[in-house]
Amino acid sequence: MSFLGRGGNAPSGVNAEKIDMAITELDTVTDFFNRMVSSCHAKCISARYAEPDLNKGESVCIDRCVAKFNEVQKKVGEKLQNRGATNAGGTASTFGSL
């Protein structure tokens, strides 16, 4: 029996739909984190590692980059939630403004 109840005999208290939603959310968060790390690393960290630790400029750049990435993610999430709520009411077009 697998840990997530897939295959084999799943316990009766496990909701497969909720597990699938949790897996999708985990994949989304992992993808967001990987894109943020890749983008901020490319922007803020020199390709030539001269020191074992980040210098002050790199640290500030990373902090700002991560904050901006999170703020954009938050705004996009809010827009998508608003669009979903509007579409549930049946008043919005598929390609409305973001």
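Atom CG in Asn87 sits 10.5 Å away from atom CG in Leu80 (nearest 0.5 Å). Note that CD1 of Ile23 and NZ of Lys18 are 14.5 Å apart. Values are rounded to the nearest 0.5 Å. The CG atom of Asp20 lies 13.0 Å from the CD atom of Glu25; values are rounded to the nearest 0.5 Å. Taking CG from Asp53 and OG from Ser59, the interatomic distance works out to 8.5 Å, rounded to the nearest 0.5 Å.
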Side-chain donor-acceptor distances from residues 31-43 under 3.5 Å, at least two apart:
{"residue": "Asp31", "atom": "OD2", "partner": "Arg35", "partner atom": "NE", "Å": "3.0"}
{"residue": "Asn34", "atom": "ND2", "partner": "Thr30", "partner atom": "O", "Å": "3.3"}
{"residue": "His41", "atom": "NE2", "partner": "Tyr49", "partner atom": "OH", "Å": "3.0"}

Pair up each side-chain donor or acceptor in residues 62-78 with any protein partner under 3.5 Å, not counting sequence neighbours, and list the distances.
{"residue": "Asn70", "atom": "ND2", "partner": "Val66", "partner atom": "O", "Å": "3.2"}

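Here Thr24 pairs with Thr28 under the side chain to side chain contact (heavy atoms under 4.5 Å, CB included) rule; sequence neighbours left out.
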